[in-house]
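Here is the structure we will look at.
Quick caveat: nothing in here was measured; it's all calculated off a predicted structure. Note that the numbering runs from 1 along the sequence shown for the chain.
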Amino acid sequence: GESKTFVLDQFEPSYTKKPPTKRVLKKRSKATSESNDSSLEPRKEYYYKGQWYETKPRGNVTYIKLQLLFPIAIAFYNFERGAFLPDWSQTAGFWHIAVTPMEYRVAMLIYTIAALIITFNAVQGGRGSLSNYFLMGYATATILDILFHLAATIFLFTLSPGLITCALFIVPVMGLLLKIGIEEEYVYPSILSFFTVLMMLVFYMSTPLLYAWGRSVDLSKT
């Protein structure tokens with residue numbers, strides 16, 4: 001048939017360089033007929049170096065949809081921590097400095113807004129974009145939070161605020177986002193590791209500043 005270049009979706013340009021891995025692609029000549037199941041996304045075909053390729057359908061769980069779930073999961077996670085961590089921190093000792101509700105909630109609000117901004121830019125930027133690496137670095141760093149919550153819960157014999165939403169939302173959403181993102185080459189693990197460390201450093205260095213801002217807001221109301 002006639003050779004055409006197809007756009008994968010409204011967010012991604014046609015391929016002109018390296019196609020995704022063979023695990024998520026197959027040649028058109030070997031493709032099976034399209035499923036009649038309306039719940040599956042239609043196959044998206046494109047032409048690359050004399051060959052037709054198409055993505056395997058993943059039902060309704062696509063990378064971009066998972067990206068849009070990212071700030072929602074972050075919002076739930078930060079809401080739980082903002083609601084319960086200030087009181088918990090008063091007796092947490094080594095595990096967390098004591099913070100007032102205003103201090104901590106200002107920090108959680110800023111991190112949630114940052115997640116929204118990063119997500120918007122990542123969806124627009126598409127595969128391999130800088131904003132996409134920031135999103136995935138944010139996601140990976142947040143997944144690692146569950147280690148802190150588990151350790152604090154075990155050693156303090158009390159539930160660490162954030163553990164429930166981390167287990168219910170952060171790990172499943174971020175884990176699937178990472179899996180599909182790496183498989184379809186939205187990000188490369190070697191570069192992602194750098195952005196994960198970078199985002200952890202950003203959180204570590206910005207948190208005291210946000211606490212100070214929260215204290216100033218709290219004092220201005222008294």
| Contact check, side chains of I74 and I170, non-hydrogen atoms, under 4.5 Å | yes

Got a list of side-chain donor-acceptor pairs under 3.5 Å for residues 141-149, not counting sequence neighbours?
{"from": "T142", "atom 1": "OG1", "to": "Y138", "atom 2": "O", "distance (Å)": "2.7"}
{"from": "D145", "atom 1": "OD2", "to": "Y77", "atom 2": "OH", "distance (Å)": "2.9"}
{"from": "H149", "atom 1": "ND1", "to": "S160", "atom 2": "OG", "distance (Å)": "2.8"}
{"from": "H149", "atom 1": "ND1", "to": "P161", "atom 2": "O", "distance (Å)": "3.4"}
{"from": "H149", "atom 1": "NE2", "to": "Y77", "atom 2": "OH", "distance (Å)": "2.7"}

| Under 3.5 Å: donor-acceptor pair, side chain of Q90, backbone of V99 | yes

| query | When the ring planes of Y186 and Y63 are compared, do they come out parallel, tilted or perpendicular, using 30° and 60° as the limits? | reply | parallel

| query | Minimum heavy-atom separation for F70 to A115, with atom names? | reply | CE2-CB, 3.8 Å

| query | Are there more than 12 heavy atoms of other residues, nucleotides or ligands under 6.0 Å from atom CZ of F84? | reply | no

| request: Check L192 against V187 and note the closest heavy-atom contact, atom names and distance. | output: CD2-CG2, 4.3 Å

| Say you draw a straight line from CD1 of I118 to CD1 of I113; how long is it, rounded to the nearest 0.5 Å? | 12.0 Å

| said: Can you give me the closest heavy-atom contact between I117 and N121, atom names plus distance? | reply: O-ND2, 2.8 Å

| So do the side chains of M136 and L177 get within less than 4.5 Å of each other, counting heavy atoms only? | yes

| said: Is there a continuous path of hydrophobic side-chain contacts, each under 4.5 Å between heavy atoms, that joins Y104 to F94? | reply: yes

| Nearest-0.5 Å distance, CD1 of residue I110 to OG1 of residue T207 | 11.5 Å

| field | Donor-acceptor under 3.5 Å (S89 side chain, H96 main chain) | value | no

| task | Kindly compute the distance separating CG (L156) from CH2 (W95), expressed to the nearest 0.5 Å. | result | 7.0 Å

| said: Applying a strict under-4.5 Å side-chain criterion to I, L, V, M, F, W and Y, I'd like to know whether L176 and I72 cluster together. | reply: yes

| So, do I164 and L159 sit near enough that their side-chain heavy atoms are less than 4.5 Å apart? | yes

| Is the CZ atom of F76 crowded by more than 12 outside heavy atoms at less than 6.0 Å? | no

| query | Is there side-chain contact between V217 and W213, with heavy atoms separated by less than 4.5 Å? | reply | yes

| L178-L130 co-clustered via ILVMFWY side chain contacts under 4.5 Å | yes

| message | With heavy-atom distances below 4.5 Å as the criterion, would you say the side chains of T158 and W88 are in contact? | response | yes

| G214 to M102 - nearest heavy-atom pair and separation | O-CG, 3.2 Å

| Under a 4.5 Å cut-off applied to non-hydrogen side-chain atoms, are Y133 and Y188 in contact? | yes

| Which atom names give the shortest non-hydrogen contact between R81 and G162, and what distance separates them? | CG-CA, 3.7 Å

| request: For this output row, return yes or no: ring centroids of Y111 and F203 closer than 6.0 angstrom. | output: yes

| query | Can you tell me how far the CZ atom of F195 sits from the CG atom of L135, to the nearest 0.5 Å? | reply | 12.0 Å

| said: Could you check whether any side-chain heavy atom of T140 comes within less than 4.5 Å of a side-chain heavy atom of M199, counting everything from C-beta outward? | reply: no

| request: Supply the atom-to-atom distance L210 CG to R105 CZ, rounded to the nearest 0.5 angstrom. | output: 15.5 Å

| field | Heavy-atom closest contact (A122 atom, S129 atom, distance) | value | O-OG, 4.3 Å

| query | Is Y211 linked to L209 within one hydrophobic cluster, defined over Ile, Leu, Val, Met, Phe, Trp and Tyr using a side-chain heavy-atom separation of less than 4.5 Å? | reply | no

| query | Just how far is it from atom CG of L69 to atom CD1 of I64, taken to the nearest 0.5 Å? | reply | 12.5 Å

